[in-house]
Amino acid sequence: MLFTHHRCAFAGAVTLVLLGAALPPQALLGAGVRTVTAADRPDQPELSRFYDQKIDWAKCEDAGMGVPEDLQCGKVTVPLDYAKPDGETLDIAMARFRATGDSRGSVLLNFGGPGASGVSELTAGGDDFMGLTNGYDVVTFDPRGVGRSSPVSCGDGMAPPPDPTDGPTESPQPDSDNPQAALKLLRKSADACEKHSGPVLPHIGTVNVSRDLDIMRDALGDKKLNYLGFSYGTRLGAVYAAQFPDRTGRLALDGVDTLTEPLSEQALANTEGLQTALDDFLTWCTDDISCAFGQDPRTAREHMVDLVRSLDENPLPTEFGTPFSGQDLAGALGQALYSKELWPALSQALRSLIEDGDPRGLLRFTGGGIAAARNGGLVDEADIPMDNLQSALIAINCADDPDRPTAARITRNLDRLRAEYEEASPVFGRYRLTQMLMCYGRPKGTDFIREDVRDVDTPKMLLVGTRGDPATPYRWTVETAKRLGPSAVVLDNKGEGHTGYGSSKCVHEKVDDFLLYGSLADAGSSCGAEERPPS
């Protein structure tokens, strides 16, 4: 299970000279743009009305977010249920920066999560993609169930999912030996998510988002999809390549997701990666006399564990009316640790929490708005539910995974799982195990990704794997490339942090040159580690 590629990870990225080889001529066809004809559309005639759209672009409304003057917003309409295209519909929020020169079409961005709002990310971090406007309109979107596009919610405000591994949260002294209470709480949580999410929840997931993506491609007037995806966005790109190989143009996938590992293995790998990143942060923090944990890294790690446990026992009140617990802290840390450039802000937020009992700085890493009704149309930015990122992440991952452990299996394995996750991380273990278990009580997910996304017949695509990535291990890049087949070319980024585009000048340049000019380095090429200490 993955988290969003945070917008701040892109700050300060610059360009240098690419060393690479050109793609074969047929791969260059992906950059073309022309009027889309009926031959480019699916065989389902019922979908024709969705493939006849024209996006009405207009200046984005500035809801106090400092929206760039040249950012434009629009929407496309898609079926709620692709099996019933004559039924209800959804609007998908989109945003773009126009090409500064001659446009060859569009490049679509997905920032990951799953659950990240593309519109919000591009609003805040658009400067980092201006190099791509040399040839493309740079476009992004809020996937169904995310951001302004019929956002899902579990009705829990900003809090992460309740921890089912200790029994009911109502109990002042949770009973860790009561798995039946854990199952009851998981079922209660699933029911709450269904109640608060509206009709989009049964139709969420990457297979449907990929079909939405093809409607967007058509509405933009592109013959083929040119695409840059981060983290979860790499899963989406791979699914699109499998569903629409003849409409796949230049795909760049950074921070490559697994296509085969079950959620339990994904969550455990992510837990271990987050603990490593936290250890690195605390080592960095304790070099500074202002670090709230002192100047000894080992003692700092012990204090962090104690802080999480203390907040779980005695949560802090917040201005939103929901308490700030140790699991809320784990969720905020998980977001902040994906980029070293966030470390100074994280250090300051932790100091405010410890010295003043003020969690507001940490809450900023999770973001959100207020609960809103969802009826298929776009919601206002201020009305996005506070828990949308968290709720969408769980809903999409569950929809993408066919495994559903039985009650008997959870009961039998709960103690062992708790021990494994706590060993992987005493800070993140319970939080990540809870997220993984949240699929219990939900409908079984698709097996398309695990079974059918393989051996794609597409032009060459670029896969970037970062050796020190805490969320998407480098081995996932290698495994996914092998699964996708000869079309996948791996770039080995020997740096740290989640994804490489925002932290490595070398990666940034190679990705831009591939998308703009079709230049692709040989398989096995690499980018060296780049020291960019937090300032």
Trainee: Would you call Arg148 and Asp142 a salt bridge, using N to O less than 4.0 angstrom?
Mentor: no
Trainee: May I ask you to say whether Lys54 pairs ionically with Asp218, meaning some side-chain N is under 4.0 Å from a carboxylate O?
Mentor: no
Trainee: Partners of Gln72 by side-chain hydrogen bond (donor to acceptor under 3.5 Å, both in side chains), sequence neighbours excluded?
Mentor: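 For Gln72, the residues satisfying side-chain hydrogen bond (donor to acceptor under 3.5 Å, both in side chains) (neighbours in sequence not counted) are Arg96.
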Trainee: Can Asp214 and Arg217 be counted as an ion pair, charged N to O under 4.0 angstrom?
Mentor: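 Judged by the 4.0 Å cut-off on N to carboxylate O distance, Asp214 and Arg217 do form a salt bridge.
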Trainee: Does any N or O in the side chain of Lys460 come within less than 3.5 Å of the main-chain N or O of Pro486, such that one atom is a donor and the other an acceptor?
Mentor: yes
Trainee: Has the side chain of Arg49 got a donor or acceptor atom that lies under 3.5 Å from a matching backbone atom of Glu46?
Mentor: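 Here the side-chain-to-backbone pair does not exist.
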Trainee: Mark yes or no for whether Thr123, through its side chain, and Val119, through its backbone, hold a donor-acceptor pair below 3.5 Å.
Mentor: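 At least one qualifying donor-acceptor pair exists.
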Trainee: Under the criterion side-chain hydrogen bond (donor to acceptor under 3.5 Å, both in side chains), which of Asp254, Asn493, Asp512, Asp128 is the partner of Tyr501?
Mentor: Asp512
Trainee: Can we say Arg247 and Asp222 salt-bridge, meaning some charged N sits less than 4.0 Å from an Asp/Glu carboxylate O?
Mentor: no
Trainee: Can you label the angle between the Tyr338 ring and the His498 ring as parallel, tilted or perpendicular, going by 30° and 60°?
Mentor: tilted
Trainee: If the condition is side-chain hydrogen bond (donor to acceptor under 3.5 Å, both in side chains), which residues does Gln53 pass it with, not counting sequence neighbours?
Mentor: none
Trainee: Check side-chain hydrogen bond (donor to acceptor under 3.5 Å, both in side chains) between Ser210 and all other residues, then give those that pass, not counting sequence neighbours.
Mentor: Gln243
Trainee: Could you check whether Thr472 and Asp257, counting side-chain N and O atoms only, form a donor-acceptor pair closer than 3.5 Å?
Mentor: no
Trainee: Examine distances only and state if a side-chain atom of Ser106 and a backbone atom of Leu108 form a donor-acceptor pair shorter than 3.5 Å.
Mentor: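 Here the side-chain-to-backbone pair does not exist.
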Trainee: Go through the steps to decide whether Thr248 and Tyr227 satisfy the test side-chain hydrogen bond (donor to acceptor under 3.5 Å, both in side chains), and finish with yes or no.
Mentor: CA-CA 9 Å; Thr248 299; Tyr227 176 85; over 6 Å; no
